[in-house]
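Here's the structure we're looking at; comments come further down.
Atom set for the values below is all heavy atoms of this structure, side chains included, hydrogens, waters and symmetry mates excluded.
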Amino acid sequence: MSKKVIETKNLTKFYGKHRGIEDLTLEVSKGEIFGFIGPNGSGKSTTIRTLLSLIHKTSGEGYLFGKDTSIDKSVLKNVGYVPSEVFYYDDMTVIELLEYSASFYSGNYKKRIQYLAETMELDLKRKINELSFGNKKKVAIVAALLHSPKLLILDEPTTGLDPLMQKKFYNLLKEENEKGMTIFFSSHVLQEVQKICDRVGIIKEGKIVEISSIKTLKEEKYKKFIIEFSKKVNKNLFAIENVSDLKIEDKTHSFIYKGDVNNILSLIKEQTILDITIEEPSLEEIFMHYYGNE
Ligand code: ADP
Ligand code: MG
């Protein structure tokens with residue numbers, strides 16, 4: 001089996017004339033926890049639904065385990081999917097629904113369901129249509145995990161879960177990942193992606209703007225500068241490419257810079273500096289670099 005669990009090449013989906021995603025290219029390898037991050041409307045759900053062939057792509061390529069799911073649906077049995085919206089109107093109980101889900105796979109899933117429900121604090125005897133949104137989300141999570149899929153696709157899975165529950169959920173994901181599960185985790189919440197993912201793809205207005213490891217994003221490419229000059233300097237001093245989040249307060253300039261720090265040092269070499277700090281920006285500050293003050 002291919003090492004690439006997910007692969008897209010210039011994947012494009014238009015809803016009529018309306019842009020869903022455009023020229024989206026990414027790869028997720030076996031064993032990764034890949035964060036797919038972007039604000040509402042950026043195209044996360046469109047990407048996922050296109051990959052699963054729940055909707056038809058306009059152009060480009062998309063593969064799961066090397067297969068185009070619009071042609072070959074057999075690989076979908078190795079996939080677990082938690083959609084962003086969970087609609088269950090059934091009069092069934094949680095256990096009835098989960099056993100129904102399990103009936104599509106061979107094997108006995110009773111113990112697995114018990115274990116997952118316990119971990120997620122889900123009451124199996126409750127009626128589905130009486131559950132809160134968060135509890136319905138838990139049902140979707142257990143349903144997606146029960147057959148131990150090789151690939152788990154999560155579309156904003158933690159909305160509706162309280163922070164303690166989220167933590168338990170992350171631990172469960174880490175545990176499954178250690179056993180070999182590849183996880184594609186879509187979110188608009190920066191902190192959670194930072195906690196759990198190895199690598200992230202950042203999507204903006206339907207396009208990928210960066211793919212990088214969390215570590216690289218934080219440590220290598222970006223620096224936050226805080227420079228205090230001895231006197232006021234030209235406010236356009238740092239009006240150069242790859243400077244973002246520039247704030248000037250009297251003689252102090254602070255900003256995020258992506259690139260070689262020597263470029264900044266040469267800009268300031270004529271100035272007298274009272275104080276300078278070069279530090280790791282927070283993930284939020286890095287994201288500002290892409291999204292500006294939207
Ligand atoms: P996200 O999941 O990141 O919030 P979506 O993939 O849902 O983003 O949406 C991407 C873009 O596609 C948005 O501009 C959204 O309005 C549009 N879109 C999503 N679904 C539909 C649809 N069924 N019909 C028309 N436009 C849609
Ligand atoms: Mg969405």
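In terms of heavy atoms, S230 sits closest to L274 at CA-CG, 3.8 Å. G80 and P149 make their closest contact through N-CB, 3.3 Å (heavy atoms, listed as atom of the first residue, atom of the second, distance). Between I214 and Q194, the closest heavy-atom pair is CD1-CA, 3.9 Å. T182 and G31 make their closest contact through OG1-N, 2.8 Å (heavy atoms, listed as atom of the first residue, atom of the second, distance). Across every non-hydrogen atom of V94 and L122, the tightest pair is CG1-CD2, 3.8 Å. The nearest pair of heavy atoms linking F133 to S84 is CZ-O, 4.1 Å.
Interatomic distance, R126 CZ to K136 NZ, rounded to the nearest 0.5 Å: 11.0 Å. In this structure, L145 CG and L116 CG are separated by 5.5 Å, a value rounded to the nearest 0.5 Å. Considering CG of N10 and OG1 of T58, their distance stands at 13.0 Å, rounded to 0.5 Å. Separating the CG atom in L173 from the CD1 atom in I183 is a distance of 4.5 Å, to the nearest 0.5 Å. Taking CD1 from I227 and CD from Q271, the interatomic distance works out to 9.5 Å, rounded to the nearest 0.5 Å. For the atom pair F36 CZ and I203 CD1, the distance stands at 3.5 Å (nearest 0.5 Å).
Taking the side chain to side chain donor-acceptor pair (under 3.5 Å) definition, one finds that S213 meets it with T216, sequence neighbours left out. Not a single ring-ring contact (aromatic ring centres under 6.0 Å, His included) links Y63 to another residue, sequence neighbours left out. Residues passing the side chain to side chain donor-acceptor pair (under 3.5 Å) test with K168, sequence neighbours excluded: E121.
Of the candidates I208, L51, V28, T8 forms a side-chain contact (heavy atoms from CB on, under 4.5 Å) with just one, namely L51. Results of the side-chain contact (heavy atoms from CB on, under 4.5 Å) test with S186 over I37, D155, V82, T47 single out D155 as the only residue that passes.
In this structure, E210 and K258 have side chains that are in contact, with non-hydrogen atoms separated by less than 4.5 Å. Taking the side chain as every heavy atom from C-beta outward, L76 and Y81 never approach each other to under 4.5 Å. Using a 4.5 Å heavy-atom cutoff, the side chains of T277 and K224 are not in contact. The side-chain heavy atoms of L124 and T93, taken from C-beta on, include no pair separated by under 4.5 Å.
Side chain of D198 to backbone of I33: a donor-acceptor contact under 3.5 angstrom is found. Of the possible donor and acceptor atoms, none in the side chain of T50 sits under 3.5 Å from a partner among the backbone N and O of I55. A donor-acceptor pair under 3.5 Å links the side-chain atoms of K13 to the main chain of H56, judged by distance alone. For the pair K73 (side chain) and T69 (backbone), a donor-acceptor distance under 3.5 Å is present. Here the side chain of E22 pairs no donor or acceptor atom with the backbone of K207 at under 3.5 angstrom. At distances below 3.5 Å, at least one donor-acceptor pair connects side-chain atoms of R19 with backbone N or O atoms of E205. Side chain of H147 to backbone of V79: a donor-acceptor contact under 3.5 angstrom is found. Judged by distance alone, the side chain of D260 and the main-chain N or O of N263 form no donor-acceptor pair under 3.5 Å.
The number of heavy atoms from other shown groups lying within 6.0 Å of NZ (K67) does not exceed 12. Within 6.0 Å of atom CD in E249, 12 or fewer heavy atoms from other residues, nucleotides or ligands are found, so the atom counts as exposed in its surroundings.
When hydrophobic clusters are built by joining Ile, Leu, Val, Met, Phe, Trp and Tyr residues whose side-chain heavy atoms come closer than 4.5 Å, directly or via intermediates, V200 is not grouped with V189. No continuous path of ILVMFWY side-chain contacts below 4.5 Å connects I226 to F229, so the two sit in separate hydrophobic clusters. Cluster annotation: M92 and L146 are assigned to the same hydrophobic cluster (Ile/Leu/Val/Met/Phe/Trp/Tyr, side-chain heavy-atom contacts under 4.5 Å, transitive).
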Y15/T46 under side chain to side chain donor-acceptor pair (under 3.5 Å): CA gap, chis, key distance, verdict = CA-CA 10 Å; Y15 298 96; T46 301; 2.8 Å; yes
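Note on residues 262-274: no pairs pass salt bridge (Lys or Arg N to Asp or Glu O under 4.0 Å), not counting sequence neighbours. Sequence neighbours left out, the pairs with a member in residues 98-120 that pass salt bridge (Lys or Arg N to Asp or Glu O under 4.0 Å) are E99-K110, R112-E176. Applying the salt bridge (Lys or Arg N to Asp or Glu O under 4.0 Å) test to every pair with at least one member in residues 43-65, sequence neighbours left out, gives these pairs: K44-E156, R49-E85, K57-D68.
Side chain to side chain, Y170 and T158 fail the donor-acceptor criterion of an N or O pair below 3.5 Å.
Below 30°, between 30° and 60°, or above 60°: for F238 and F255 the angle between ring planes is between 30° and 60°, a tilted geometry.
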